[in-house]
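Have a look at the structure below, then the notes.
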Amino acid sequence: MEKKIITPSSNGKKINLLIAFHLVLFLIGIFFLLPTDDDWGYLVTPKLDGFNFNSFLPNGSYWRPIDAFVGLINDSYPILFPFLNHLLIGSGFLFSIYYLYKILKLLGFAGIPLNVSVSIFIVSPAALGTVLGIDSINQMYSVCFGLIGIYQYLRKKYLLWIIVSILAVFAKENGIVYFVIPPLIGYLNKKSMKDVIKHCLWGGLVIIIYMILRFALQVSSIHIEEDSPYAFTLTRKLTDIVSFVVGSTSVVDFISLIHKPSRNVLIVVLTLFVSALFLFTIFKNKKVINKEILILTFCMVVAASPHLATHFGPMHAYSTIPYFCLIVAFILNKDRSIYEKKLFNYAFILYIITAIAVDWHHWYRTYESSKIGPLMAKECLDKTEGRPQNVLCISFKDEFPRFSSFCVPPRDVFHTGSAVLRETGWTYPKKLKTLIVEKESDIKKAISENEGKYDCIWIQNKYDVTVINKGKGAK
């Protein structure tokens, strides 16, 4: 009598339905998220003083014409912000899923290795910093165009590979890695080393041309502050490496780990255990670590390298997930006995369910943070008389802890009056000057020095907004 094999396919339909249901709801859910912090001051945001066409040129360490184009649309039609951003990010995620699936098919994967890899990509918490973002169009499309580039390279459409890799770079600077990674993936698909080297040289030539254009068109210089997260220190680099490894492969709940008010040791231990159990079932057989796995691991490091050289945050883990998924597919394809065991079946189901729970925890905390902005803005407008055109916003730099774009304190949601601008459709005030004070005692001093110079003064102190209308008292 043949022994019954327990595999993920035994529960395949249920898991696939759960993932599909999660994906649909999650992509609907992102449209409920509103701007916070960086979302207010980036290229893709409507501008109070109108769009600057220098945004299409290299500016310091940035050259992101695709973001500039989105910013031009949002500036022309402010009502679209941030919903256009969410639409583009959601669409980019779906395209990325599709092209990862196509790459896996071209590499000869089917059945369980294919299904497990795509499932991990869809639910991985490593995508949250990008999918839940508003200013993350750059990261989303850098990866999306990169995956399209790999797909075209595997199809021997080399000109298309170069073109979409250029688009990946114009989405975000880290897209430069896609002039190198596709030939390495091609080597796994029986490309000769001679072809790999030749095509990497092609990519290198395009990189040189790109760098020459960057320096020739630069409109401002690059300056890094000592206390910037981009500044090099040994502690920061070690933290970046840990964030890269853990963030790219696990389902650890980072909010429960890093955000002090939300810290929950039990959740951290449980999500760490589930991650370790799944990774153990994949990597416990050392015989699966071969040339293919080493090359994919190298690709993963290459994808992370621009961020490891600067700062590796939650958003940046998204650039490395495809290669982790490919590693999993190669291992499962090489050793079928892995997924014939009950332990893998249970570990995989736990991994998926835990990932979905972590995804929704991060969504809820992001939603909870972002909804503060409109409430504070409406309170500010209720207290403001008329339509003032020249406003000073005094903001108190409190000590509320934050974690990335998920747990954002009120000062960064209100963002020195930016939340009010969105409520007015960027119609008023026409001039908004900001003043950030670090001591509450400095607020009165700032008011006395500026009262009468502006149509009104907005004072944001934690969750409270006070308004001083010209010639009248505070409200």
Side-chain angles (χ1 to χ4, degrees), residues 2-20 22 97 100-101 103-104 107-128 188 242-254 256-257 266-301 317 320-359:
E2 189 177 350
K3 182 182 177 182
K4 185 179 179 182
I5 296 172
I6 305 294
T7 73
S9 61
S10 307
N11 297 292
K13 286 185 179 179
K14 293 177 184 177
I15 291 293
N16 288 341
L17 281 173
L18 175 63
I19 292 170
H22 159 73
I97 294 167
L100 176 65
Y101 171 82
I103 289 166
L104 287 161
L107 291 171
F109 297 112
I112 290 172
L114 174 67
N115 186 54
V116 168
S117 297
V118 175
S119 298
I120 290 171
F121 186 81
I122 292 171
V123 303
S124 174
L128 294 174
L188 302 179
V242 171
S243 298
F244 158 50
V245 175
V246 178
S248 304
T249 61
S250 77
V251 292
V252 171
D253 190 324
F254 277 97
S256 298
L257 175 66
L266 179 61
I267 290 176
V268 173
V269 170
L270 285 174
T271 55
L272 190 59
F273 169 76
V274 169
S275 303
L277 179 64
F278 178 72
L279 293 174
F280 170 75
T281 63
I282 293 287
F283 294 102
K284 67 176 180 177
N285 182 0
K286 293 180 181 178
K287 292 180 181 179
V288 300
I289 308 302
N290 55 17
K291 178 181 67 178
E292 286 84 1
I293 303 307
L294 293 176
I295 289 173
L296 286 168
T297 302
F298 180 70
C299 289
M300 199 170 173
V301 174
T320 65
I321 315 173
Y323 312 103
F324 175 64
C325 294
L326 285 169
I327 288 171
V328 171
F330 268 92
I331 290 175
L332 295 181
N333 201 54
K334 181 178 176 60
D335 187 359
R336 178 177 172 176
S337 67
I338 293 173
Y339 60 80
E340 289 178 347
K341 293 182 171 66
K342 287 184 179 181
L343 179 62
F344 176 83
N345 190 39
Y346 298 142
F348 174 67
I349 293 170
L350 271 176
Y351 190 89
I352 294 297
I353 293 172
T354 304
I356 290 172
V358 171
D359 289 351

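Nothing fancy with the numbering, it's 1 onward along the sequence.
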Item to check | Near-ring test F324/F121, centroid separation under 6.0 angstrom | outcome: no
Next on the checklist: Pair F109, I103 - check side-chain contact (heavy atoms from CB on, under 4.5 Å), show working.
Outcome noted: CA-CA 9 Å; F109 297 112; I103 289 166; over 6 Å; no
Item to check | Side-chain donor/acceptor of N290 to backbone N/O of I293, under 3.5 Å | outcome: yes
Checklist entry - Can you find a pair of side-chain heavy atoms, one from F273 and one from T354, that are under 4.5 Å apart? => result no
Checklist entry - CD1/I353 to CG/L18 distance, rounded to the nearest 0.5 angstrom? => result 6.5 Å
Checklist entry - Between F278 and F348, what is the ring plane arrangement, given parallel below 30°, perpendicular above 60°, and tilted in between? => result tilted
Next on the checklist: Give me the atom names and distance for the closest heavy-atom approach of S250 to P125.
Outcome noted: O-CD, 4.0 Å
Item to check | Atom pair CG (L100) and OH (Y323), whose distance is rounded to the nearest 0.5 Å | outcome: 9.5 Å
Checklist entry - Is there a donor-acceptor pair under 3.5 Å between the side chain of T271 and the backbone N or O of V268? => result yes
Item to check | V274 versus V251, closest heavy-atom pair with distance | outcome: CG1-CG2, 4.2 Å
Checklist entry - What is the minimum heavy-atom distance between F344 and I282, and which atoms define it? => result CE1-CD1, 3.5 Å
Item to check | Minimum-distance pair of heavy atoms, taken over all atoms of S119 and N115 | outcome: OG-O, 2.7 Å
Next on the checklist: If I take atom CG from residue D359 and atom OG from residue S124, how far apart are they, to the nearest 0.5 angstrom?
Outcome noted: 7.5 Å
Item to check | Y351/I120 under side-chain contact (heavy atoms from CB on, under 4.5 Å): CA gap, chis, key distance, verdict | outcome: CA-CA 9 Å; Y351 190 89; I120 290 171; 4.2 Å; yes
Checklist entry - Can you find a pair of side-chain heavy atoms, one from V123 and one from H22, that are under 4.5 Å apart? => result yes
Checklist entry - Could you state the interatomic distance from CG (D335) to CD (E340), rounded to the nearest 0.5 Å? => result 8.5 Å
Checklist entry - Nearest heavy-atom pair of M300 and T249: which atoms, and what distance? => result CE-CG2, 4.0 Å
Item to check | Sole candidate of I295, L296, I321 that passes side chain to side chain contact (heavy atoms under 4.5 Å, CB included) when paired with L326 | outcome: L296
Item to check | Smallest separation among heavy atoms of S117 and A329, with atom names | outcome: OG-CB, 3.1 Å
Checklist outcome for this item: Interatomic distance, CD1@I267 vs CZ@F254, rounded to 0.5 Å, equals 14.5 Å
Item to check | Heavy-atom neighbours of Y101 OH exceed 12 at 6.0 Å | outcome: no
Item to check | Atom pair CZ/CG of F280 and L343 - distance to nearest 0.5 Å | outcome: 7.0 Å
